[in-house]
Amino acid sequence: MQFNDLKLMDSLLRAVRAEGYAEPTPIQVQAIPHVLNGKDIVGCAQTGTGKTAAFALPILQRLATAAQSQQRRSIRVLVLSPTRELASQIGDSFAAYGRYTGLKHGVIFGGVGQQPQVELLRRGIDILVATPGRLLDLMQQGLIRLNTIEIFVLDEADRMLDMGFIHDVRKIISALPTQRQTLLFSATMPPDIQDLADRILVKPVRVEVTPQATTVEKIEQSVFFVEKQDKRALLEYVLSDQAIRRVLVFTRTKHGANKLVQQLDRARIQAEAIHGNKSQTARERALANFKSGKTRVLVATDIAARGIDVDDVTHVINYDLPNEPESYVHRIGRTARAGASGTAYSFCDADERAYLRDIEKLIRLRVPVVAEHPYASPLGIPAATSAQSTNRQPTGRNSSANGNPRSANGSTPSGAPSGDRKPRRRSRHRRSSVGQRPSMG
Ligand code: AMP
């Protein structure tokens, strides 16, 4: 299947060529004809599958072919996105795909002054990409009206729910004309989202891309059993492999992300953090540095990393395992973008074993264990998994890859603080609750 077969207009085909896309991705093949036909869609797809183009291209075509009814430019499309990063990226996609159509788009989100956004609205746009909070704010101030919306896209609906935006989303939907086309995308379909989908979509066509397990199969995954207090030293050890060029490290909390950056800084590893407590400018700067290669390690929390669209992320490291197995799939999907291959490492301490089991159940794969590393927690390797554990070292590494072969007593590569030189053989904080879900603070 080629883009030419999808009945897209020339100006869009030119833009797609300019982006260097050789052929449409599966979600694009499935969704584009239905969106062009005006159908409602419920799409099960995660970021990284090409879903933005799957809705943006046919939307641009519908707008370009159906003339504006009013004299003045009014907003005809609303795309709601849970995060600012994703909203900006969707805006960039509309700009790229719509560059030869003459259609205008605008992006609004919180955390920055509203005046430039108000002026943008006043000048007139066809497509509005927004996060729910700021949009509702502007609506309540009477600065924006949604009564001319023809197409509504709710992106990453499950994330909206996770982030507590669902109430805002419902309010926004109630301000939309009932006569409209609605597209809902969600990586997972929890009952609340299914319920919302049932209420806002009319005879939707369901489009779904390759089951998640198939997507993650492309990614080389491994797990390191380690005790909590050794995770930082293990990270430094793993990062001594220079093949790990551009790496996204996930922590559970914002505080954890900041602390890790400070520690990596002390170990002279260029790292920056990206999370919700950072200002918009700081987040953009961190992302730009990461994209350009100036920063090798970007430490992120799940929410901030959502929708980060950086090609060529060589590795994803789960410094903390996520407590929702779906997040694991989202996280590791940041590597192996659009067909490339990638590597994901997970650090699993005794308290996180239940999370690992949930993940393996979801992805229907046993994640191979890297048994040979200086911080291996012997207590962490259960009999059931050790049978298929591997002695495989991280990619590009062999026992002497960094010039610091692991000695008989298991000492670490140089650079690790001396206090951490010896692998611990016994957990100081062993809990009786291993195997149960630890309660999250
Ligand atoms: P998305 O899932 O929309 O976040 O897209 C993920 C990445 O795939 C982005 O970097 C897009 O530029 C890229 N992409 C989208 N469609 C295609 C395509 N047909 N061929 C190659 N890359 C694509």
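We number each residue from 1, following the sequence as shown. For ligands, and for the atoms within them, numbers begin at 1 and follow the listed sequence. In this text the structure is predicted, and so the values were computed from the model without any measurement.
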Quiz prompt | R331, R159, R252, K254 screened by salt bridge (Lys or Arg N to Asp or Glu O under 4.0 Å) with D302, the one that passes | solution = R331
Quiz item: Partners of P58 by side chain to side chain contact (heavy atoms under 4.5 Å, CB included), sequence neighbours excluded?
Solution: I32, V35, L36
Practice problem: Output all residues satisfying salt bridge (charged side-chain N to carboxylate O under 4.0 Å, His left out) with R99, sequence neighbours left out; order by chain, then residue number. | Solution: E19
Practice problem: Answer with yes or no after comparing the ring centroid distance for F224 and Y345 against a 6.0 Å cut-off, counting only values under it. | Solution: yes
Exercise. Could you list the atoms of ligand 1 found under 4.0 angstrom from a heavy atom of P24?
Key: 19 (N)
Quiz item: In terms of atom number and element, which parts of ligand 1 are under 4.0 angstrom from non-hydrogen atoms of E23?
Solution: 18 (C), 19 (N), 20 (N)
Exercise. Please could you name the atoms of ligand 1 that T49 approaches to less than 4.0 Å, counting only its heavy atoms?
Key: 2 (O)
Self-check item: Location of contacts on F185 toward ligand 1, heavy atoms closer than 4.0 Å
Solution: neither
Quiz item: Could an N or O of ligand 1 be found under 3.5 Å from any N or O of T52, whether backbone or side chain?
Solution: yes
Quiz item: Counting only heavy atoms, which portion of Q28 has something under 4.0 Å from ligand 1: side chain, backbone, both, or neither?
Solution: side chain
Practice problem: Check T253, T251, N258 against H275 for a side-chain hydrogen bond (donor to acceptor under 3.5 Å, both in side chains) and give me the one that passes. | Solution: N258
Quiz item: Looking only at distance, does F3 have an N or O less than 3.5 Å from an N or O of ligand 1?
Solution: no
Quiz item: What atoms of ligand 1 come closer than 4.0 angstrom to any heavy atom of T25?
Solution: 17 (C), 18 (C), 19 (N)
Exercise. Could you tell me the separation between the CD1 atom of I144 and the CD atom of Q117, rounded to the nearest 0.5 Å?
Key: 9.0 Å
